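Numbered from 1 within each chain, the chains take letters A, B, ... in sequence-line order. The shown structure was predicted, so the numbers you read here are calculated from the model rather than taken from an experiment.
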There are 2 protein chains.
Amino acid sequence: MKAKVFVALKRTVLDPQGQTIHGALKRMQYTGVSEVRQGKYFELTLQDDLDAGAARRQVERIASEVLTNPVIEEFTYRLEE
Amino acid sequence: MKAKVFVALKRTVLDPQGQTIHGALKRMQYTGVSEVRQGKYFELTLQDDLDAGAARRQVERIASEVLTNPVIEEFTYRLEE
């Protein structure tokens with residue numbers, strides 16, 4: 001089983017890296033984009049003997065305690081076979 | 001419309017950052033994880049006057065020309081209302 005964890009800055013936190021990318025896109029004539037925000041993406045391969053409930057608990061703990069800075073970031077995740 | 005773009009290292013490319021996180025997880029007694037790979041995640045907010053086809057073309061060009069280093073990385077994306 002795999003877990004895909006997406007970590008992004010909270011909406012209220014300024015994202016200068018995303019703004020820089022957005023500025024570059026505008027200079028390159030990509031006019032259809034009105035905002036860019038950058039985050040991180042983690043793919044965790046889980047051991048096969050974990051059931052879905054245990055996997056969910058473990059991924060939530062890892063995401064909140066290790067992968068995310070809860071002051072400025074938030075995460076979502078998805079389990080896949 | 002929003003586009004979520006996920007950029008990850010190709011499978012054949014070593015991911016020392018992911019290995020470091022995996023090592024940290026093992027030391028912290030998270031035993032259910034057998035591999036970690038880290039990537040990037042971009043959320044593009046698209047202008048409302050783009051139809052789905054144009055959005056798809058634009059996002060694919062941005063992802064392949066700006067957000068991804070095609071030598072070592074590959075991307076997937078998803079459009080959301």
(message) Quick check on the hydrophobic clustering: are B:F75 and B:F42 connected, directly or via other members, by side-chain heavy-atom contacts under 4.5 Å?
(response) yes
Considering only heavy-atom distances, could you tabulate the donor-acceptor pairs under 3.5 Å between chain B and chain A?
from  : atom 1 : to    : atom 2 : distance (Å)
B:R11 : NH2    : A:E43 : OE2    : 3.1
B:Y30 : OH     : A:E65 : OE1    : 2.6
B:G32 : N      : A:Q58 : OE1    : 3.2
B:G32 : O      : A:Q47 : N      : 2.7
B:S34 : N      : A:T45 : O      : 2.7
B:S34 : OG     : A:T45 : O      : 3.2
B:E35 : N      : A:T45 : O      : 3.4
B:E35 : O      : A:T45 : N      : 2.8
B:R37 : N      : A:E43 : O      : 2.9
B:R37 : O      : A:E43 : N      : 2.8
B:G39 : N      : A:Y41 : O      : 2.6
B:G39 : O      : A:Y41 : N      : 3.1
B:Y41 : N      : A:G39 : O      : 3.1
B:Y41 : O      : A:G39 : N      : 2.6
B:E43 : N      : A:R37 : O      : 2.8
B:E43 : O      : A:R37 : N      : 2.9
B:E43 : OE2    : A:R11 : NH2    : 3.0
B:T45 : N      : A:E35 : O      : 2.8
B:T45 : O      : A:S34 : N      : 2.7
B:T45 : O      : A:S34 : OG     : 3.2
B:T45 : O      : A:E35 : N      : 3.4
B:Q47 : N      : A:G32 : O      : 2.7
B:Q58 : OE1    : A:G32 : N      : 3.2
B:E65 : OE1    : A:Y30 : OH     : 2.6

Applying a strict 4.5 Å limit to non-hydrogen atoms, the region of A:V33 in contact with chain B is both
If one checks every heavy atom of B:M1 against chain A at 4.5 Å, the contacting part turns out to be neither
query: Linking I/L/V/M/F/W/Y whenever their side-chain heavy atoms sit closer than 4.5 Å, directly or via other members, would A:I72 and A:V66 fall into one cluster?
result: no
Whatever's closer than 4.5 Å to a heavy atom in chain B on A:V5 counts as neither
Does A:L67 belong to the same Ile/Leu/Val/Met/Phe/Trp/Tyr cluster as B:F6, with side-chain heavy atoms less than 4.5 Å apart forming each link?
no
In the single-linkage hydrophobic clustering (I, L, V, M, F, W, Y; side-chain heavy atoms under 4.5 Å), do B:V71 and B:V13 co-cluster?
yes
Whatever's closer than 4.5 Å to a heavy atom in chain A on B:V59 counts as neither
From the list A:G32, A:G18, A:A54, A:A24, the residue making the most non-hydrogen contacts under 4.5 Å with chain B is A:G32
Cut-off 4.5 Å, heavy atoms of chain A, and the answer for B:L25 is side chain
Interface check, chain A: of B:I62, B:L44, B:V36, B:L50, most non-hydrogen pairs under 4.5 Å belong to B:I62
